[in-house]
Structures are given as C-alpha cells and as structure tokens.
Amino acid sequence: MPKFIFVTGGVLSGIGKGHTTASIAKLLQFRGYEIDLVKIDPYLNVDPGTLNPIEHGEPFITDQIFEFSPAPSFEYRSAEVDQDFGTYERFIGRAIHPRNNITSGQVYLCVILQERLGTFLGKTVQIIPHITNEIKRRLRDVGAAVKGLDVVMVEIGGTVGDIEAAPFLEAIRQFRLEEQSCDTLLVHVTLVPLLPTVGELKTKPTQHSVKQLQALGLQPDIIIARSQVSLTEEARRKIALHSNVAPEAVISNPDLDEIYELPLKFYEQGLDAIILQRLELMARPPGGMAAWKEVVEQFMNPTTQLRIAMPGKYVAMTDTYVSINEALRSAGAHHKADVTIDMVDAEMLGSTNDTKEKLLTYDGMLLTPGFGTRGTEGMIRSAWIAVEEDFPFLGICFGAQLLFVALCRYALGMKKANSTELDPKTPYPVVDLLPEQREVEEKGGTMRLAGHSVHIKASTKLRSIYKKSQVRERFRHRYHLMWDAAKKAEDIGLVVSATDKTGHIINAIELSNKFWIVGVQYHPEYTSRPDQPHPLYYSFIEAMLKRKLGKGQRQ
Ligand code: GLN
C-alpha cells in the first residue's frame, strides 16, 4: 500500500489548493517517488461533465475511461473530471486515471444501488459506516490500481466546515486511524490575509479553520499559508502555536508571478524534507529540478508579446478554457513569447468592417470548444475573416466545426449551412451527429470521450507538425464534419489531414492555400505540459510570430 497525503482547505475556497497539491506531488517526484493524485469533489453530480464551465471551470478530459457498474441496472462511464486534474497532469507530466476523481454523487449512487441489490440486507444504511466505507474503499482502490506507487495525494474540494464534505473528512479520520501514523499525512491549506490598514498578516482565520478540523478529530501535520506576501516569522510562530504544529511545518505560499515556480518555493522552505521525514521515506537527492527551473525561467523572461483573439459567448476570463490558456502560454514560453488572450464577445461581432478591423489587430485567432447556439453566428463570421485575411487560426472541436460551416457558407455558396446542433432544419447539415449518438438521450458521460487514435495523412501541414502518422488525442463531442461537404471543399483548398482509424470521422482539416489555418476535432490542450508544449500549439504560436515578422502570408 502506498502512503497517503490528504490536503484540506480552510478559510476560503479558490486559494490554489490544486496548485499546492500538484506542487507537493512534483517535489516528491523530484525525489524519485511515484505519485498519483486523487481529487474529491463533494457535490452530488456524478461527474463535472454536466456542470456549467463558467461556474465550475472546464471539465478536464482524461485519456482513459472509468467504467463501473455498481448494479446491473446502472453502468457508469466517465472521462470528464475536475479541472484540477489539468493542473496535476501539467505538473507531474503524465495521464491520471478518471477513477481518481471521487464525487459524492458516485459514492451515494453506489451505496444506494447496493442497498437495492440487498448487499446490506437487514441493516440500516447510514453515512457512517456505509458511505465512509465506500469512500475508503475508493481511496484504497486507487492505491492498489497502479503498481509501484509510493504516495497518493488526496485533495478534498471545498472548505473545512462545508456540510457536504463532512462524510469525506470523517472517512479520512477513520482511514488515518486504521493506518500506521507514518503512512498518512494531513496538509491544511489556509488563507492568511494581509490587512492593508495596519500592514499586518492576520492569522486568526487560520487558527479558526484548524480548530474546526480538530473538532472533527483531524490534526494537521503541515500548514500551508496562502498570502499576498511571504509569511513573517511572527505569523509563522503564531500559527504553529495555535495549531499544534511545528514552526518549520508552517509553510509560506505567497502570490507568485509564475505558478510553475511554486514547487521551487516549497523546496526552498524544506517542505519535501519534512514530508519525507514524517512519512519515513528515504530523502533521496532531488533530480530534474534544474530542468524545471529552466522552464520557469522561460515563462518569466519573454522577449516578445502575442495577442490572441478568442471569439465566443464567454467574455470574462474564467477557468472555462484553462487548459487552452495553459497550452498557449506554454507554447508561448518556449518561443519566448508572452501570450495575452482576449475573449471577444461573439454576440457583439457584427458583419461590418469594424469587426474585421478589431480582429485583425490581434496576432492570431483561436475558435474555442463549445455547445449551443449563443454567439455562434459571430464565431462563424470570425472564422471566415481569418480565412479571407489568411490570418493564423486554430479551431478546436466546436471551433473546427464552425470553421467548416464558414467555408461551406461563404466559399461553397451553401447558404445557411450549419451544424444540426445549432440549426436542426438547416438545408446543408455539414456538421451532424455521430451515427452512434443518434439514439443517445441521456446527457451524463455519453459523448464520444477520452483518448482515441488519430491517423494523419502524409504531405499535410499536420504531418509536418507531428512528424508522425499516428498519434493519440483526447475527444469530447457528439457531432462531426460531413465527408460529402469536405469532398466538395477540396476545390477551395480544404484538406482532410486526419481521421479516426476507420476513416469515417474527420479528425482534422487545414487549408492548403493559406499560411496556417487548422481545425481539429480533438483537444490537444489536454496533453500539453509546461515543459513539453503540444506540437500543434507550438506550431500555432510559431505561425503567429512569423506573421508578425512579415513572413507569414501565403498569398
Ligand atoms: N458541441 C460540439 C459537439 O458536441 C463540440 C463539442 C466541443 O467543442 N467539445 O460535437
């Protein structure tokens, strides 16, 4: 059995618990340990696939599918997990299995279906022990699933004191009691506000949140204090004293210009040494840290700027497209370019020259994934502007579908061509449901999801980017481009550059007579890493830089 590190949050949510968890994992990885990460989400949704991304951030798409059937009447599939998995994968650089996202929805569903099956015959089914047992079983399953695992990090979503998280905290209390004291660790992440009037770091909220944990029978071993500035010695001492934690186990987590620097900040304070000592793991010399440092330097020292327009229905910069933002940022950093992303309100984009002028002030355009009709007319027009102006353009999933609609409408004269998702009565249904999706009515976990092979045609831009004929990419869609329209579009320079292995599903398109216009049905952002940007994003950034230097027009 691996060791378990639990990470709870206090005071406020949204203080970077995911990045803290991922940074600890990275530090242990530097020490040569095999790490896995679990995220517990106390909401009742079975997975975040059906959540509004504005409210909850993007769902992250995993490579694998988690399938289980708690009862013959119910089969559950998921590859849509919490956005924190994006952070985890970007930090530790490998794919994480979707079974590692445990939600209250999954836990309760399992227990209730088992009750109907008669598994607990004669017993009253209760939160303790039935729900807590199911939680512990799921955690131990993760520990047993991967061979050679040393440590499992378990991040508990929300804040200590939330009603819905209570069964999870109770399960952790029991779990810790059942294991040796050197086999589990509790890290509590809190906020230490800086009071501007007195210029003082206030530790009281942290003291209160630790008291709340202690009332649940949980004593933190390490406290990580989020604050605007580095923790003063006085604040550190106060927190230690009131929380029953050693002063050296109170770690400062100040605001950083570059988030990938966080593992290094923790290392400076000896966080990994404390963890290894408490878990009785050998303190192997750290490796790979210099390379990570170099990556951080790249992020922090850009020599040029790029501005990218993202026309769509979302106008505020939220976590809706966090993986895309990170993929662009990483590819930018490797080209020494700082990337600014502007969400352009597609609903406000008219057909006037103003629109064109506005969009052309950018260095490139990315048309985002999405669902539903709002803003799509503006997105289709934007795609056409990119084509007309030979402007670097990357369409992701929905964005590729809308590029295709624009080409059919404006270059092939198919007036009112559309995706049947947006206009079921369109005279030219050039994007339509995947055949296997026709019978699907339920919304949860039923899209074409997760990793699939992508077969790339020779002599295409895509092939020159990947330098491979077959790759694996992650998908999340119900609709796809229609072959008959794609064939017609060959006359205007459209090339189907990749398909699935059967050749039926178009996976990528490009325009052979333009400098850099590419649309992909899959999501390359989910496999992009800060130290290894995805080749497609890398090439997109390169195209923008070339254009900026006046070398990027084909016509
Ligand atoms: N709504 C489109 C589909 O289901 C695109 C989905 C996406 O962009 N991820 O095919």
Side-chain angles (χ1 to χ4, degrees), residues 47-54 56-63 65 77-81 83 86 310-314 319-325 327 343 346 365-380 382-383 393-406 408 417-424 426 429-452 454 473-483 485-486 498-500 504-509 518-528 536:
D47 69 33
T50 52
L51 284 174
N52 179 343
I54 284 271
H56 200 77
E58 68 171 23
F60 186 76
I61 305 303
T62 53
D63 181 65
I65 291 193
R77 288 170 93 241
S78 175
E80 293 160 301
V81 294
Q83 60 156 312
M310 258 195 211
K313 66 179 164 188
Y314 302 129
D319 284 344
T320 312
Y321 299 118
V322 53
S323 289
I324 291 179
N325 301 347
M343 310 295 283
M365 189 192 302
L366 187 145
L367 220 52
T368 57
F371 298 84
T373 51
R374 190 155 67 83
T376 49
E377 284 303 314
M379 290 171 81
I380 294 166
S382 307
F393 174 97
L394 175 58
I396 307 282
C397 199
F398 201 45
Q401 295 173 357
L402 298 183
L403 164 68
F404 191 61
V405 168
C408 291
N418 216 330
S419 162
T420 52
E421 177 183 1
L422 310 174
D423 177 6
T426 169
V430 296
V431 179
D432 201 2
L433 275 177
L434 289 158
E436 75 261 26
Q437 286 287 328
R438 297 234 161 85
E439 308 302 316
V440 175
E441 277 176 17
E442 286 178 20
K443 293 280 183 265
T446 55
M447 278 188 251
R448 179 170 182 260
L449 289 170
H452 296 275
V454 170
E473 294 284 1
R474 302 185 192 180
F475 288 78
R476 184 190 191 222
H477 65 132
R478 293 188 203 281
Y479 293 82
H480 69 142
L481 311 189
M482 292 290 101
W483 259 112
T499 65
D500 72 331
H504 291 314
I505 307 176
I506 296 176
N507 280 178
I509 53 172
V518 175
V520 288
Q521 185 60 73
Y522 52 84
H523 295 267
E525 57 275 13
Y526 294 130
T527 48
S528 180
L536 196 56

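Counting starts at 1 for both ligands and their atoms, in listed order.
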Between the protein and ligand 1, are there any N or O atom pairs that come within less than 3.5 Å of each other, and if so, what are their names and distances?
{"from": "ligand 1", "atom 1": "1 (N)", "to": "G370", "atom 2": "O", "distance (Å)": "2.9"}
{"from": "ligand 1", "atom 1": "1 (N)", "to": "E421", "atom 2": "OE1", "distance (Å)": "2.7"}
{"from": "ligand 1", "atom 1": "1 (N)", "to": "E421", "atom 2": "OE2", "distance (Å)": "3.2"}
{"from": "ligand 1", "atom 1": "4 (O)", "to": "R478", "atom 2": "N", "distance (Å)": "3.0"}
{"from": "ligand 1", "atom 1": "8 (O)", "to": "G370", "atom 2": "N", "distance (Å)": "3.0"}
{"from": "ligand 1", "atom 1": "8 (O)", "to": "F398", "atom 2": "N", "distance (Å)": "3.1"}
{"from": "ligand 1", "atom 1": "9 (N)", "to": "R476", "atom 2": "O", "distance (Å)": "2.9"}
{"from": "ligand 1", "atom 1": "9 (N)", "to": "H523", "atom 2": "NE2", "distance (Å)": "3.4"}
{"from": "ligand 1", "atom 1": "10 (O)", "to": "Q401", "atom 2": "NE2", "distance (Å)": "3.1"}
{"from": "ligand 1", "atom 1": "10 (O)", "to": "R478", "atom 2": "N", "distance (Å)": "3.2"}
{"from": "ligand 1", "atom 1": "10 (O)", "to": "Y479", "atom 2": "N", "distance (Å)": "2.9"}

### Query
Which residues pass the salt bridge (Lys or Arg N to Asp or Glu O under 4.0 Å) test with R448, sequence neighbours left out?
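Expected list: none.
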
### Query
Got a sec, which residues hit side chain to side chain donor-acceptor pair (under 3.5 Å) with E80, two or more places apart in sequence or on another chain?
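E80: side chain to side chain donor-acceptor pair (under 3.5 Å) contacts with R476.
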
### Task
Measure the shortest side-chain to side-chain distance between E473 and T527 over non-hydrogen atoms and say whether it is less than 4.5 angstrom.
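The answer is yes, as the side chains (C-beta and beyond) meet within the 4.5 Å cut-off.
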
### Any side-chain heavy-atom pair of V454 and F475 under 4.5 Å
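They are in contact (side-chain heavy atoms under 4.5 Å apart), so the answer is yes.
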
### Query
Just checking, any donor-acceptor pair under 3.5 angstrom between side chains of Y479 and S419?
no

#### Entry: Of all pairs that satisfy salt bridge (charged side-chain N to carboxylate O under 4.0 Å, His left out), the ones with a partner from residues 429-447, not counting sequence neighbours
D432-R438

